[in-house]
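Chain naming here is simple, since letters A, B, ... match the order of the sequence lines and numbering starts at 1 in each. Only this structure's heavy atoms are used, side chains among them; waters, hydrogens and symmetry mates stay out. Worth saying up front: this structure is predicted, and the values here are computed from it rather than measured.
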Amino acid sequence: MTAAAHEEGGVAQGFGPAPEAARCGGPTDGPLLLGVRHHGPGSARAVLAALEAYAPRVVLIEGPPEGDAVVHLAGDEAMIPPVALLAHAVNEPGRAAFWPLAEFSPEWVAIRWAVGRGVPVRFIDLPAAHTLAMSEGEEEPHPEGEETVPGGPHGGGAAGDTAPAGAHGPAASRGPAVPCEPALPRASIAAKGPAAVQDAEEVRLDPLAALAEVAGYDDPERWWEDAVEHRRGGYHDPFEPFTALGEAMAELRAVHGDGGHDRDLLREAHMRLRLREAVKEFGSAATAVVCGAWHVPALAEQQQRTVTADRRMLKGLPKVKAEVTWVPWTYRRLARRSGYGAGIASPGWYGHLFAAPDRPVERWMTKVAGLLREQDHPVSSAHVIEAVRLAEALAVMRGRPLAGLTESTDAVRAVLCEGSDVPVALIRERLVVGEALGEVPEGAPAVPLQRDVERRQRAVRLKPAAAEREVDLDLRKDTDAARSRLLHQLRLLGIDWGVPAHSRAGNTGTFRETWRLRWEPELSVRVAEAALWGTTVYEAATAKARSRAVEAPGGTLADITALAEHCLLAHLPDALPAVMRVLADRAALEADVGHLAQALPALVRSLRYGDVRGTDAGALAEVAEGMAARVCVGFPPACAGLGEESAREMRGHLDAAHQAVHLLTRGEECVGGGKAQAGPGLLSRWRGMMRTLAGRDRIPGLLRGRCVRLLLDEGCATDEEAERLMSLVLSPGMPPGEAAAWIEGFLSGGGMLLVHDERLLALVDRWLTGVPAEAFTDVLPLLRRTFAQFEAGVRRTLGE
Amino acid sequence: MNQSDVAEQAALRPHAEDAFADELAALAEVDDRPRPARWRLSPWAVATYLLGGELPQGRVVSPKYVGPRRIVEVAVSTLATDRALLLLGVPGTAKTWLSEHLAAAVSGDSTLLVQGTAGTAEEAIRYGWNYAQLLAQGPSREALVPSPVMRAMAEGRTARVEELTRMPADVQDTLITVLSEKTLPVPELGEEVQAVRGFNLIATANDRDRGVNELSSALRRRFNTVVLPLPETAEAEVEIVARRVGQLGSSLDLPQAPEGFDEIRRVVTVFRELREGVTDDGRTKLKSPSGTLSTAEAISVVTGGLALAAHFGDGVLRAGDVAAGIRGAVVRDPASDQVVWQEYLEAVVREREGWKDFYRACREVSA
């Protein structure tokens with residue numbers, strides 16, 4: 001803390017500077033301060049050893065004090081990490097902050113240790129009531145101001161706080177400090193200010209980076225691993241690592257002050273208050289604190305700062321009513337990649353380091369080999385041995401005490417995966433990040449999602465009832481549109497309160513929807529499960545739609561199209577870009593034109609729904625156009641040399657795509673504006689493609705005939721042209737079966753043409769009389785089918 | 001000009017250990033880290049030799065390989081264990097270059113080389129006989145002609161095998177005993193040659209040749225595999241292409257085409273986008289054609305375009321000069337690649353700012 005704060009505080013100077021070492025974890029004096037790196041397995045192990053040795057009578061943890069009420073649940077058998085403490089504003093579930101904890105998080109280890117022994121646990125951070133309230137006005141505040149902070153971007157707090165920090169700080173949102181914090185909370189608030197998610201991340205001073213730089217490392221993560229995480233068994237005194245780290249942090253803070261995070265000062269003031277309370281109650285020799293290493297120096301000052309000064313700082317903070325509960329979490333969401341900015345890169349690897357009793361690299365390679373064998377890669381024990389040796393050789397060459405994740409991954413790639421990155425990606429997904437899913441006991445308080453569901457149900461005046469009933473919605477009315485959105489969003493979350501039904505009235509307008517509603521008790525369970533995705537229905541549905549789009553394993557193009565349609569129906573504009581991206585990517589890689597042509601109509605349909613509901617479907621139109629262009633390019637080769645069956649199927653695609661292209665281009669012409677140009681372009685390309693088809697010999701007659709007809713109907717081909725093509729195909733050299741198929745394609749959808757154009761009729765007539773007797777029996781069924789589709793009047797006229 | 005000068009100049013391309021002898025010597029001087037048996041340098045110094053760096057007395061080591069550090073570290077670490085190293089990659093990714101410099105730095109000798117071809121015989125890996133001696137004296141040590149691999153084993157050096165997958169499978173399998181038992185039996189003499197410490201083997205193989213003579217899994221298992229990537233950034237690739245085209249152009253007496261730089265960039269962009277299956281801005285996915293589209297092919301497309309421009313055009317490299325070449329490189333399989341190319345033209349090229357001329361030129365050659 002800054003010198004200014006000192007003077008102002010009017011400190012009890014008389015105490016003088018107590019020996020720093022003793023306070024930072026010294027077993028003899030003062031409360032035991034355990035500075036950790038959030039989500040650091042090495043810290044977790046060290047914390048456990050220190051707690052065992054010190055045997056405190058109370059454990060204080062950096063976290064929201066509201067959590068005191070639910071901390072006992074951590075001892076429940078049914079509570080399986082990773083889990084998160086979730087604080088949310090009661091009247092506004094979207095405002096929420098998470099403190100995720102994995103089994104290798106030092107805080108979790110400390111909580112379990114204490115709860116298992118009946119030692120009280122207290123959370124000492126700034127109450128969530130304040131942090132949630134403060135996050136309100138602060139959504140966009142500091143960015144630029146903080147950017148200039150010495151030490152650079154990224155990472156916030158101290159060692160502890162930095163990366164992993166996930167846990168702590170709710171403060172989240174704004175981070176001062178702690179590292180940790182910010183990220184998540186902000187992620188959860190993202191619905192309101194998505195842009196805000198990143199800036200805190202970049203802005204935070206990273207003391208760990210400073211320490212690492214001094215040690216000659218360019219990557220603070222690796223430095224931490226080498227210096228602390230890999231030092232298992234390296235310390236004889238359980239308090240030694242904390243003493244050393246506390247000293248290093250004190251140095252850093254002496255240089256950098258609060259690192260530019262004002263909120264840290266508030267949080268630390270509150271921590272000190274709570275710490276003094278605990279010391280008063282249990283005595284300083286029986287009190288242990290687990291917090292981000294960054295905060296240790298500030299807490300060590302507790303005796304030099306007066307209670308009044310701390311109280312004064314905390315006076316008049318804004319407040320909201322907040323509730324705290326436990327929610328299940330996953331490794332995937334703990335991973336930084338998932339958008340949890342304060343996350344760690346490799347939760348699965350850390351979990352492994354924490355769980356492995358010894359030989360972490362050997363055990364890791366065995367795990368990798370097991371996974372690869374499951375995937376049918378031939379991996380022998382000899383491979384595993386060689387991989388371990390290579391990892392060790394690499395570690396030596398890079399001057400590291402032990403092979404880490406980087407070395408292991410390099411060795412796995414070279415030895416087990418034959419240099420290929422594909423299995424490496426699988427290993428990253430399944431092992432390095434991991435798939436662990438946490439569980440929370442039933443007794444945990446209701447999650448905010450539950451409250452949001454209730455709130456929305458009230459808002460649209462739909463009561464959950466066990467009895468089944470049907471409702472008709474007119475989407476042109478606001479309330480009905482809101483109901484439809486809620487039901488669609490819930491369905492996306494797997495909460496099937498309403499199921500779309502066919503309207504009894506038989507009304508098929510795009511502005512009508514019919515739902516069958518029934519609330520079953522198990523739906524509450526589903527709500528609790530869905531809480532993983534977010535704190536409001538909207539947010540959760542958005543998150544789920546995104547992840548379904550990205551992770552859909554082997555989902556077909558049609559699946560993604562359906563998902564896009566669903567997003568539009570449920571009005572999830574924030575999910576659409578992600579879904580559209582995946583859709584565009586899938587479409588680009590789709591080799592089967594049939595699938596593309598199949599997906600196109602649904603997409604175009606969604607576009608029209610979008611119009612009814614007033615959603616912005618610009619992105620959708622772009623994707624649909626791109627897809628139509630691909631169909632144009634891919635159609636001719638796909639049609640060459642098809643058998644009868646597949647030609648028939650392809651004709652269906654042709655008709656559907658034809659219609660879709662027309663809808664698409666017409667829509668654009670109506671909307672006008674910048675896109676108007678692309679419309680005609682697409683249409684003329686489509687017509688050009690049909691012309692190519694019509695003139696190519698290797699294309700089945702059915703499709704050629706169909707193309708000529710479609711072109712003729714649109715006025716893009718003249719009668720003479722059609723006649724020439726027809727006479728070409730009906731000339732004596734053509735196999736009669738092929739010619740009959742051509743006629744079927746040409747005439748399907750109406751025979752009036754023949755009635756009006758004598759020449760065409762004459763052509764057909766002449767050809768028919770010329771068909772040799774033995775071929776006639778083959779041709780007859782085809783012709784019969786064609787003519788049977790005509791209306792009676794047409795048939796009669798033709799006959800005459 | 002005296003005799004020795006002529007001799008020196010006669011070597012069109014000196015071996016790596018000769019060309020960079022002073023750098024190797026300087027490294028050996030400052031290198032105080034432990035060296036594996038019979039290594040000339042420590043693994044750290046070998047990596048520095050390849051990647052370049054600055055030595056204490058201000059001496060600068062030039063980078064031999066430009067690419068991810070990780071790759072070189074894995075390669076050197078592999079040689080330090082007793083596993084053999086297999087360098088994989090599409091043509092033109094510096095496999096041979098890297099293997100030569102590794103051998104030079106580790107053993108000070110890059111000449112123990114076996115070139116794999118469809119006609120490579122077992123003798124090239126094991127040993128042959130001097131038939132005059134053999135007939136005169138019967139089987140004896142003197143009549144035996146050792147292969148480079150055998151010499152490497154006996155002397156504890158690094159042997160190199162180029163284009164491993166081009167060799168017939170039965171010849172490849174000769175290596176299994178060498179790599180697992182570290183011995184080479186000579187049944188005719190009733191003896192064997194055992195590898196001494198320091199022996200190792202670097203093989204190179206072409207990714208695209210998989211399936212020609214696919215390595216047996218028994219042999220594969222003896223190798224650590226490192227895949228050499230194509231140039232990471234467009235800048236680096238444009239640089240490589242431009243430099244190489246300049247060299248080729250002067251030897252073919254083609255005029256310099258300074259304005260052609262944009263065209264080179266465009267060729268490289270097209271190649272990269274199709275190869276990676278995604279546009280430069282990362283926004284649109286693309287299908288990839290069946291061809292390699294390596295940097296080497298980009299070079300030949302540009303050289304071909306330059307020749308066209310010089311002999312039939314106005315001397316300036318234009319879109320029309322490279323369009324046919326690009327299409328030829330992309331469309332290797334007329335059925336599937338044609339669709340890929342058309343899609344690329346319609347979906348990407350057509351919409352791109354300033355690429356109108358290129359689009360038209362490509363449409364012309366595609367029609």
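Under the 4.0 Å criterion applied to side-chain N and carboxylate O atoms, A/R398 and A/D410 are assigned as salt-bridge partners. Salt-bridge check for A/E418 with B/R221: failed, with every basic side-chain N at 4.0 Å or more from each acidic carboxylate O. For A/R389 and A/E386, the salt-bridge test passes: some basic side-chain N is under 4.0 Å from an acidic carboxylate O.
When each of A/A382, A/G634, A/G419 is checked for heavy-atom pairs under 4.5 Å with chain B, A/G419 comes out on top.
Only the side chain of B/R350 comes within contact range of chain A, with at least one heavy atom under 4.5 Å from a heavy atom of that chain. When heavy atoms are compared at a cutoff of 4.5 Å, B/A347 approaches chain A solely by way of its side chain, counted from C-beta outward.
Counting only heavy atoms from C-beta outward, the side chains of A/C417 and A/I427 approach each other to under 4.5 Å.
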